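These notes are about the structure you will find just below.
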Amino acid sequence: MSNVTLTIDGIEITVSKDKTILEAAKTAGVRIPTLCFHERMNPIGSCRMCVVEVEGFTQPMAACDTRVQDGISVTTNSGQLFRIRQDSLKLILVNHPLDCPVCDKGGECTLQDLVFEFGIDKVEYHAPKQDRLSEYATSLIRYWPDRCIMCLRCVTACREIKAIGAIDIRGDGYGSQVVSVHPDKCESCGECLMVCPTGALTENLSRYKGRPWISERVMTTCTYCGCGCQLELNVLNNSVIGVTTRDDAGVNRGSLCVKGRFGYEFIGSDERLTKPLIRKNGKFQEAGWDEALALVAGQLSKIKKESGPDAIAALSSARCTNEENYLFQKFIRAVIGTNNVDHCARL
Ligand code: FES
């Protein structure tokens, strides 16, 4: 792909000609505000926050959806652009409630940040109130239609990143909303709420458990399977209150499955086994580690002696580390003497 040279805010930059103005600006270290744009999706072009002026063109154009051209001169900041972006936000706020104090997204909401940045202190435009049903919801994901700004990120992510297409937009104008068009296909993976730039899609498990600025985010590897997805455990008072992801971290680049995103409550569960249990008289009873290990070793030795090592089979777990799984198969093959060893990820 050949290169082109353009100027952005007076900075000359050479980039591949398949880049957008937004991508070129990022390379040049120039920030252009965005709302609907997401790096993992094709440009949506619904919010108009990224408008820029291109010399020779009378109308500002969306930087996220306009390819660079050789020799163009782009301005990303001017009085006119500020007013256009401010007006776009004001129009978004026509139906968006200013309920930030009770919104889960408070403190990490792109809309909240932009409203602050553009100094909007009141809702200037008004429209008749729409009675909208909260149609799209699962036991884990909640949709707040009044907070939805129709950026289409959730719908696009479900279609382009997850290749599912379980949700779509229905209705016209201010009456439109996200609906579940294929509820049977929804995997509750949470991709939609992960990309939502406002509090229109929130999760049910972590609600009211803690604001982002008082919890600590600990980057770790998901324990559910061998993919090694990276996630952040949101920790408050030594308890996990939620899971978030970062677009720049790990092979998953922010995506998770339902287990990784929502399956964290077991960590602090009172029902977790912390001591070995031995079945005695038909009932599990707590035992010490020495007693439990002696019992297992004795039983394995007895079976091996009486029926041979192939009478034993072992199943390992994706919830263990690679090192633990390696040791386990080594023990079964080298100590027990059988290749009857498998892993739950293949079930
Ligand atoms: Fe470009 Fe929304 S970020 S139109």
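One-based numbering along the sequence shown. We count ligands from 1, going down the list as the structure has it; atoms in each ligand are counted the same way. All figures in this text were calculated on a predicted structure; none of them were measured in a lab.
- Side-chain atoms of T7 and S73 include no donor-acceptor pair closer than 3.5 Å.
- Listed by number with element, the atoms of ligand 1 under 4.0 angstrom from any heavy atom of G45 are 4 (S).
- Counting heavy atoms under 4.0 Å from ligand 1, residue L35 touches it through the backbone alone.
- Using a 4.0 Å cut-off between a side-chain N of Lys or Arg and a carboxylate O of Asp or Glu, E191 and R40 qualify as a salt bridge.
- Within a 6.0 Å sphere centred on NZ of K330, other residues, nucleotides and ligands contribute 12 heavy atoms or fewer.
- Close contacts of ligand 1 with R48, meaning ligand atoms under 4.0 Å from a residue heavy atom, involve 2 (Fe), 4 (S).
- Ligand-side atoms of ligand 1 in range of T34: 3 (S), range being under 4.0 angstrom from any heavy atom.
- Between atom 1 (Fe) of ligand 1 and the options P33, C50, C151, the minimum heavy-atom separation is to C50.
- Shown here is K90, whose NZ atom has more than 12 heavy atoms of other residues, nucleotides or ligands within 6.0 Å.
- Applying the 4.0 Å criterion to heavy atoms of F37 picks out, from ligand 1, the atoms 3 (S).
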Apply the test side-chain contact (heavy atoms from CB on, under 4.5 Å) to residues V258 and E187: give CA-CA distance (whole Å), side-chain angles for both, the deciding distance (0.1 Å), then the verdict.
CA-CA 7 Å; V258 61; E187 297 173 1; 5.8 Å; no
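- Taking the charged nitrogens against the carboxylate oxygens, D87 and R85 have no contact shorter than 4.0 Å, which rules out a salt bridge.
- Residue C47 does not count as close to atom 1 (Fe) of ligand 1, with no N, O or S atom under 2.8 Å.
- Residue C64 does not count as close to atom 2 (Fe) of ligand 1, with no N, O or S atom under 2.8 Å.
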